Chemist: 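One structure is given below, represented as structure tokens, and several questions about it will come after.
Below, read A as the first sequence line, B as the second, and so on, with proteins coming before strands; counting in each chain starts at 1. Just so it is clear, the model here is predicted, and its values are computed rather than measured.
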Amino acid sequence: MTVADVQQAAGGRPEAAAPAAVVSPPPPPEQPPPAAPPAGKTAEARERVASLRRAVGALMSRSKKTIPHYYLSTTLDLRAAVAWMQSVNAQRPVASRLVASALLLKAAALAARDVPEVNGFYDDDGGFRPSASVHLGVAVSLRQGGIVAPALHDADTLAVDVLMEQLRDLVSRARAGRLQRAEMADPTITVTNLGDLGVDSVFGVIYPPQVAMLGLGRVVEQPWAHDGMLGVRPAVTATLSADHRVSDGLRGGRYLTRIDELLQKPEEL
Amino acid sequence: MNEQDARSAVQAAIGKVAPDVDLAEVDEDARLRQDLELDSLDFLRLIETIDTATGVDIPERDYPAVATVKGLIEYLASRG
């Protein structure tokens, strides 16, 4: 659980995110305010932040009380992906260049299609409902404070260039407070990419009623032993928080290793 | 481009990408990622904004040279 996740979960309309609403059927992710107001500006803003904090506390408590989380971590080898991205970017004007996040998100979405136990919703009455579509929730930090996690719809079907365009558009609109309600609705799995701002790894708390959260750390060059030789490769720590009622370490591990496999052939993403 | 023009272009671009940053307070040794908290998409937009304003297209292989405010100003002053 990170502050960002809390703020993301707190992003709902205050009335919809009130604790009373949170304890009954899991609400879909709600339309967030454009940004969390800076604390201390006005009494009203302070109260709003406090109210959101209580709501999030209730939601995350419910997640931790009811979802038996398990956690896995693996190191993704990004040598092929970064080399491919650099060769592509070298031919492109800056406006159409890719960032590593776009490749990671595409691989995460494709792998979710291959391992359906991490993609969908759980409720006490109906149990697990896998989702046929992959709507990838992407945690977007807002510079003024707070975070939202709108969905890249059908992310598994988007070409990397299209996903990159949509990601830029989504982030820019999220920061401008111009998200559409449909984009806030029903991500089927969420990715938190705190590594972009410097942490090595992040273990998220699952956002109910989803059943998994992928955490991506910082892309770093690290020593890499391969075939008895030591080299240096770009790599990233990927973590999975997943729901034990739906999957176990074997399938969760398969999800992470599938992401790694997909990243070894970046041109096919 | 002289250094003053480069500085103005960099400040204008930072102001656009990260409007919350107080430019008067920014130390030129500040790192764009860690100190100004630009993520990879912000950084891309910064480079794009500078390209549009100055015509200097900074290729990806030169990104390490422009990781700080000062590095970016010097890069533009030498190329623009």
Chemist: Applying side chain to side chain contact (heavy atoms under 4.5 Å, CB included), name anything that partners A/Val199, two or more places apart in sequence or on another chain.
Modeler: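 Expected list: A/Leu194.
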
Chemist: Of all of B/Leu41, B/Val21, B/Leu38, B/Asp39, which one pairs up most often with chain A through heavy atoms under 4.5 Å apart?
Modeler: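 Most pairs with chain A among the choices: B/Asp39.
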
Chemist: Name, in order of residue number, those residues of residues 48-64 of chain B that have a heavy atom at a distance of less than 4.5 Å from a heavy atom in chain A; otherwise write 'none'.
Modeler: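 Listed by number, the contacting residues are B/Glu48, B/Asp51, B/Asp57, B/Ile58, B/Pro59, B/Glu60, B/Tyr63.
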
Chemist: Measure A/Ala90 against the heavy atoms of chain B and call it side chain, backbone, both or neither at under 4.5 Å.
Modeler: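 No part of A/Ala90 comes within 4.5 Å of chain B.
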
Chemist: Who in residues 160-172 of chain A is close to chain B, using a strict under-4.5 Å heavy-atom cut-off?
Modeler: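 Within residues 160-172 of chain A, the residues under 4.5 Å from chain B are A/Met164, A/Leu167, A/Arg168, A/Val171.
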
Chemist: Taking heavy atoms only and a threshold strictly under 4.5 Å, list by residue number the residues of residues 2-11 of chain B that touch chain A; give 'none' if the list is empty.
Modeler: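 Result: none.
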
